[in-house]
Amino acid sequence: MLEDFFKHQAQTTPHPLAMQVQRAEGSYIYDTAGNAHLDFVAGVSACSLGHRHPRVVSAVKKQLDSYLHVMVYGEYVQEPVVTLAKKLAEALPDPLDTTYFTNSGTEAIEGAIKLARRVTGRSELIAANKAYHGSTMGSLSLMGFEERKSAFRPLIPDCRFINFNHFDELEKITTKTAGVVVETIQGGAGFIVPEKGYLKALSARCKEVGALLILDEIQPGFGRTGKLFGFMHYDLIPDIVVMGKGMGGGLPVGAFTASAAQMKQLQDNPKLGHITTFGGNPVIAAAALATLEELQESTLMADTLKKEALFRSLLKHPLIKEVRGKGLMLALIMESAEIANTLVLEAQKAGLILFWLLFELKAVRITPPLTVSESEIRKGCQLILDLLEKIDKK
């Protein structure tokens with residue numbers, strides 16, 4: 001299997017971790033040798049309810065017995081899809097009441113920037129330096145990290161960049177701007193949290209010049225920061241909110257939500273302004289609906305902030321220079337990139353799954369399932385501290 005993995009499956013890096021997975025349950029992934037690995041990554045923030053959560057599995061099995069894909073997006077009335085859209089509308093502030101479902105977060109970004117251009121009649125898009133919104137061409141064009149995109153130029157035109165948390169750069173948003181796309185919490189840059197008042201000032205500037213504010217909640221969304229969406233901490237309402245990752249409880253999904261009046265502009269002039277075959281798949285929608293309901297009906301979101309405090313209290317070591325992020329979207333900023341890399345690799349050998357961030361090489365990702373227990377947190381943190389002690393002595 002390992003030989004076939006390297007021979008036939010396309011890779012994204014020269015040296016994949018290449019763990020051979022047998023099964024996964026709760027906070028653990030088990031390899032084919034029977035070793036249990038405590039998962040502090042959750043599929044890069046995707047498995048919000050842990051692996052194979054009973055409510056998600058039950059919803060998927062129930063839907064499998066009814067129907068799978070039946071028609072391209074938006075033509076047939078399918079109960080799990082409609083119910084999910086309605087529940088999202090009820091959970092989001094006005095006027096965010098209409099959702100377009102996609103297959104992934106990056107596809108949702110594509111739809112959102114098309115919508116911004118359609119609504120405003122403008123072409124300019126503004127994003128933040130060191131942003132990551134996905135790897136499709138539109139999302140890549142919004143990536144403020146030249147090293148990752150130079151090989152794929154030319155990209156889409158009229159993209160400009162500002163620095164996240166720099167209030168003095170908001171004046172770069174003008175009456176030429178169709179949309180401003182930012183992550184509520186910058187992910188690849190090192191889990192950078194917005195400074196007090198920044199997102200509110202950004203929203204005000206967009207309103208002043210008639211640009212749409214598009215918030216990328218693909219990673220912070222669905223309870224990871226202690227609220228359903230990260231922007232709910234910061235006293236503003238975006239024009240478009242983009243979601244994905246943890247939304248599906250471990251299955252592939254994305255979506256963007258805006259007002260009904262704005263979303264209607266993708267229906268006509270031209271018709272089929274944005275289309276997808278498998279977006280809104282009923283099986284995926286059933287999983288996402290089960291995930292949303294579990295988050296709303298349990299204490300998981302409130303508990304996330306308590307678990308953050310526990311992580312912060314435990315993860316204290318001379319090699320850890322800072323713990324960034326919010327809720328269970330945390331990053332350890334190490335003394336060097338070499339230490340971060342060693343920690344990730346040695347942790348896997350010790351039965352703990354950690355991972356890197358895209359642009360901040362000194363960072364180690366800690367994004368466990370929201371269902372992670374206090375005892376599992378203590379166990380994983382002790383492993384990290386033990387490994388850091390060994391690294392420190394080398």
- Going by heavy atoms in the side chains, are Met1 and Gln20 under 4.5 Å from each other? yes
- Query: Hey, is CD on Glu338 packed in by over 12 heavy atoms from elsewhere, all under 6.0 Å?
  - Reply: no
- Looking at Arg378 and Glu374, does any basic side-chain N land under 4.0 Å from a carboxylate oxygen? yes
- Message: With a 6.0 Å cut-off on the ring centroids, do Phe278 and His69 count as close?
- Response: yes
- Message: A side-chain contact here means heavy atoms from C-beta on lying under 4.5 Å apart; do Pro368 and Phe311 qualify?
- Response: yes
- Run the numbers on Gln22 and Thr32 for side-chain hydrogen bond (donor to acceptor under 3.5 Å, both in side chains), then give the verdict. CA-CA 5 Å; Gln22 183 177 63; Thr32 51; over 6 Å; no
- Is a side-chain donor or acceptor of Asn163 paired with a backbone partner of His166 at a separation under 3.5 angstrom? no
- Message: Looking at Phe5, I'd like to know if its CZ atom is crowded, meaning that more than 12 non-hydrogen atoms belonging to other residues, nucleotides or ligands lie closer than 6.0 Å.
- Response: yes
- Message: Any salt bridge linking Lys379 with Glu376? Criterion: basic side-chain nitrogen under 4.0 Å from a carboxylate oxygen.
- Response: no
- Pairs involving residues 223-252, ordered by first then second residue, that meet side chain to side chain donor-acceptor pair (under 3.5 Å) (sequence neighbours left out): Lys200-Asp235, Thr225-His233
- Step by step, would you call Leu300 with Thr371 a side chain to side chain contact (heavy atoms under 4.5 Å, CB included)? CA-CA 7 Å; Leu300 282 173; Thr371 50; 3.9 Å; yes
- Message: Show, in sequence, the C-alpha distance, side-chain angles and deciding distance for Thr106 and Ser104, and conclude whether the side-chain hydrogen bond (donor to acceptor under 3.5 Å, both in side chains) test is met.
- Response: CA-CA 6 Å; Thr106 190; Ser104 65; 5.7 Å; no
- Give, for atom OG1 of Thr136 and atom CG of Leu142, the distance between the pair rounded to the nearest 0.5 Å. 9.0 Å
- Message: If we ignore hydrogens and angles and just use 3.5 Å, is the side chain of Asp31 paired with the main-chain N or O of His37 as donor and acceptor?
- Response: no
- Can Phe359 be reached from Phe152 by stepping across I, L, V, M, F, W or Y side chains whose heavy atoms are under 4.5 Å apart? yes
- Run the side chain to side chain contact (heavy atoms under 4.5 Å, CB included) check on Leu352 and Ile384 step by step: do they pass? CA-CA 8 Å; Leu352 176 66; Ile384 291 171; 3.6 Å; yes
- Message: For Arg118, I'd like to know if atom CZ has over 12 heavy atoms of other residues, nucleotides or ligands within 6.0 Å.
- Response: yes
- Item | Sidechain-backbone polar pair: Gln186 side chain, Asn129 backbone, donor-acceptor under 3.5 Å | yes
- Query: Between the side chains of Thr83 and Lys87, is a donor N or O closer than 3.5 angstrom to an acceptor N or O?
  - Reply: no
- Task: Could you tell me whether the side chain of Thr102 and the main chain of Glu107 form a donor-acceptor pair under 3.5 Å?
- Result: no
- Item | Pairs flagged by ring-ring contact (aromatic ring centres under 6.0 Å, His included) wherever residues 76-109 is involved - sequence neighbours left out | Tyr73-Tyr100, Tyr100-Phe256, Tyr100-His274
- More than 12 heavy atoms of other groups within 6.0 Å of Lys321 NZ: yes
- Message: I'd like to check Tyr67 versus Gln78 (side-chain heavy atoms, cut-off strictly below 4.5 Å). Are they in contact?
- Response: yes
- Going by heavy atoms in the side chains, are Val181 and Ile109 under 4.5 Å from each other? yes
- Query: Which heavy atom in Gly230 sits nearest to a heavy atom in Thr184, and how many Å separate them?
  - Reply: C-CG2, 3.7 Å
- Message: Keeping Ser48 on the side-chain end and Gly246 on the backbone end, is there a donor-acceptor pair under 3.5 Å?
- Response: yes
- Any chance you could measure Gln267, atom CD, to Gln265, atom CD, to the nearest 0.5 Å? 10.0 Å
- Task: Apply the side-chain contact (heavy atoms from CB on, under 4.5 Å) test between Phe229 and each candidate in Leu96, Leu92, Leu215; give the one that qualifies.
- Result: Leu92
- How about Ile192 and Phe164: do any of their side-chain heavy atoms sit closer than 4.5 Å? yes
- Message: Between Thr342 and Leu345, is there a side-chain heavy-atom distance shorter than 4.5 Å?
- Response: no
- Task: Could you tell me whether the side chain of Ser58 and the main chain of Arg55 form a donor-acceptor pair under 3.5 Å?
- Result: no
- Kindly give the heavy-atom pair with the smallest separation between Gln11 and Pro16, and that separation in Å. OE1-CG, 3.1 Å
- Message: Looking at Phe231, is its backbone amide N or carbonyl O close enough to the side chain of Glu217 to form a donor-acceptor pair, meaning the two atoms are under 3.5 Å apart?
- Response: yes
- Item | Least distance between heavy atoms, Ala287 atom then Val60 atom | CB-CG2, 3.8 Å
- Task: Report the C-alpha distance between Phe145 and Phe161 in whole Å, list the side-chain angles of each, state the deciding distance to 0.1 Å, and finish with yes or no for ring pair (Phe, Tyr, Trp, His ring centres under 6.0 Å).
- Result: CA-CA 10 Å; Phe145 199 77; Phe161 292 89; over 10 Å; no
- Item | Steps toward side chain to side chain contact (heavy atoms under 4.5 Å, CB included) verdict (Met143, Ser139) | CA-CA 7 Å; Met143 181 190 292; Ser139 298; over 6 Å; no
- For the student: nearest non-hydrogen atoms of Ala340 and Ala363, plus distance: CB-O, 4.0 Å
- Task: Indicate, with yes or no, if Val323 and Leu319 share a hydrophobic cluster defined by side-chain heavy-atom contacts under 4.5 Å among Ile, Leu, Val, Met, Phe, Trp and Tyr.
- Result: yes
- Task: Tell me, please, whether Tyr30 has Arg23 positioned over its six-membered ring: NZ or CZ under 6.0 Å from the ring centre and within 45 degrees of its axis?
- Result: yes
- Query: Do you reckon Leu358 sits in the same ILVMFWY cluster as Phe355, going by side-chain contacts under 4.5 Å, direct or chained?
  - Reply: no
- Message: For a 4.5 angstrom cut-off between non-hydrogen side-chain atoms, does Cys159 reach Glu124?
- Response: no
- Might you work through the side chain to side chain contact (heavy atoms under 4.5 Å, CB included) test for Leu330 and Arg312, ending with a clear yes or no? CA-CA 9 Å; Leu330 301 174; Arg312 289 183 179 277; 4.0 Å; yes
- Message: Test your reading of the model: is there a side-chain donor-acceptor pair from Asp97 to the backbone of Ala89, 3.5 Å cut-off?
- Response: no
- Item | Flag for Arg365-Ser45: side-chain donor and acceptor within less than 3.5 Å | yes
- Query: Applying the side-chain contact (heavy atoms from CB on, under 4.5 Å) test to Leu266, which of Ile275, Leu272, Leu115 qualifies?
  - Reply: Leu115
- Item | In one Ile/Leu/Val/Met/Phe/Trp/Tyr side-chain cluster, 4.5 Å: Val82, Leu292 | no
- Task: Please check if atom CD in Glu79 has more than 12 non-hydrogen atoms from other residues, nucleotides or ligands closer than 6.0 Å.
- Result: no
- Between Asp268 and Pro270, is there a donor-acceptor pair closer than 3.5 Å when you use the side chain of the first and the backbone of the second? no
- Message: Grouping I, L, V, M, F, W and Y whenever their side-chain heavy atoms are under 4.5 Å apart, do Leu305 and Met232 come out in a common cluster?
- Response: no
- Got a sec: does the NZ of Lys362 have more than 12 other heavy atoms crowding it under 6.0 Å? no
- Message: With heavy-atom distances below 4.5 Å as the criterion, would you say the side chains of Leu289 and Glu293 are in contact?
- Response: yes
- Item | Test: Glu322 and Arg324 ion pair at under 4.0 Å | yes
- Note on the structure: ring pair (Phe, Tyr, Trp, His ring centres under 6.0 Å) filter on Phe167, not counting sequence neighbours, yields Tyr198
- Message: Main chain of Arg122, side chain of Thr120: is a donor-acceptor contact present, judged purely on distance under 3.5 Å?
- Response: yes
- Evaluate whether atom CD of Glu90 has more than 12 neighbouring non-hydrogen atoms of other residues, nucleotides or ligands under 6.0 angstrom away. yes
